[in-house]
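Below is one structure, written out as structure tokens; comments come after it.
Residue numbers begin at 1 in each chain, while the letters A, B, ... track the order of the sequences.
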Amino acid sequence: DQQVKQNSPSLSVQEGRISILNCDYTNSMFDYFLWYKKYPAEGPTFLISISSIKDKNEDGRFTVFLNKSAKHLSLHIVPSQPGDSAVYFCAASVNFGNEKLTFGTGTRLTIIP
Amino acid sequence: EAGVAQSPRYKIIEKRQSVAFWCNPISGHATLYWYQQILGQGPKLLIQFQNNGVVDDSQLPKDRFSAERLKGVDSTLKIQPAKLEDSAVYLCASSSRDNIQYFGAGTRLSVL
């Protein structure tokens, strides 16, 4: 039972354009969402998060949008840079502070120079 | 600040053998996690420690997997005996009060 789904295994975007990565979830108890970025041979690194009381959170070039009614969140990267090429994982937890994360399967983002 | 340290980076064993992985979390982080990441999937939580106590081990296959965190600092994860389906990357992570999990580079296990 995949509670967090990333339906696009890969995405290619031109440098300078917007990258949009999508994530869907099924568990309505999830109320805290995170995005992690992973380079080859490294562990995932935290990128940005959002709690269910918000519908948008922004940090520099990265913005996460949450649509609770659709159980959908997205990560926008503007403008995309070659260093953004990585695998991006969406993760969710029940009750901020519970700490148990459920991860999606990841989307491989390739930025084309 | 040093990150989460894991060793070894790679391990190749034959099925039915045993293997152990080691993790040293970020200094001061009370919570430590072990994840299993099978190729093409996201990380799956195996066990969570708070200091040296187990918080959640509901997804740990206890017939073959064991983990300990003596003295509430570093931790070991053991598999005995290993099966082919245990081939994966084993990730260790730690967190403090901000609840952000910081991951190590992982140990890639191949079971032949």
Original post:
If you round to the nearest 0.5 Å, how far is NZ of Lys44(B) from CG of Leu101(A)?
Top reply: 15.0 Å
Subject >> Atom group of Ser58(B) that falls short of 4.5 Å from chain A, counting heavy atoms >> reply: side chain
Original post:
Applying the 4.5 Å side-chain criterion to the ILVMFWY set and letting contacts propagate, would Ile20(A) and Phe65(A) be lumped into a single cluster?
Top reply: no
Original post:
Going hydrophobic residue to hydrophobic residue with side-chain gaps under 4.5 angstrom, can you get from Leu73(A) over to Met29(A)?
Top reply: yes
Original post:
Should the heavy atoms of other residues, nucleotides or ligands under 6.0 Å from NZ of Lys68(A) be counted, would the total exceed 12?
Top reply: yes
**OP:** Could you check if a side-chain atom of Phe103(A) sits within less than 4.5 angstrom of a side-chain atom of Leu45(B), using non-hydrogen atoms only?
**Re:** no
Subject >> Same apolar cluster (I L V M F W Y, side chains within < 4.5 Å links), Phe65(B)/Leu84(B) >> reply: yes
Original post:
Of all of Pro44(A), Ala41(A), Gly104(A), which one pairs up most often with chain B through heavy atoms under 4.5 Å apart?
Top reply: Pro44(A)
Subject >> Contact origin within Arg9(B) toward chain A - heavy atom pairs under 4.5 Å >> reply: side chain
Original post:
Does Ile47(B) belong to the same Ile/Leu/Val/Met/Phe/Trp/Tyr cluster as Val4(B), with side-chain heavy atoms less than 4.5 Å apart forming each link?
Top reply: no
Original post:
If you count heavy-atom pairs under 4.5 Å between each of Cys92(B), Ala93(B), Pro43(B) and chain A, which one has the most?
Top reply: Pro43(B)
Original post:
What distance do Gln41(B) atom CD and Gln2(A) atom CD have between them, rounded to the nearest 0.5 Å?
Top reply: 7.5 Å
Original post:
Where do Gln37(B) and Lys38(A) land on the side-chain contact (heavy atoms from CB on, under 4.5 Å) test, with the steps shown first?
Top reply: CA-CA 12 Å; Gln37(B) 186 178 12; Lys38(A) 185 182 183 304; 4.0 Å; yes
**OP:** Supply the atom-to-atom distance Thr105(A) OG1 to Ile38(B) CD1, rounded to the nearest 0.5 angstrom.
**Re:** 13.0 Å
**OP:** Determine whether the aromatic ring centres of Tyr36(A) and Phe103(B) lie less than 6.0 Å apart.
**Re:** yes
**OP:** Can you establish whether the number of heavy atoms outside Lys71(B) located under 6.0 Å from its atom NZ is more than 12?
**Re:** no
Original post:
Do Val89(B) and Tyr102(B) belong to the same hydrophobic cluster, where Ile, Leu, Val, Met, Phe, Trp and Tyr are linked whenever their side-chain heavy atoms lie under 4.5 Å apart, directly or via other members?
Top reply: yes
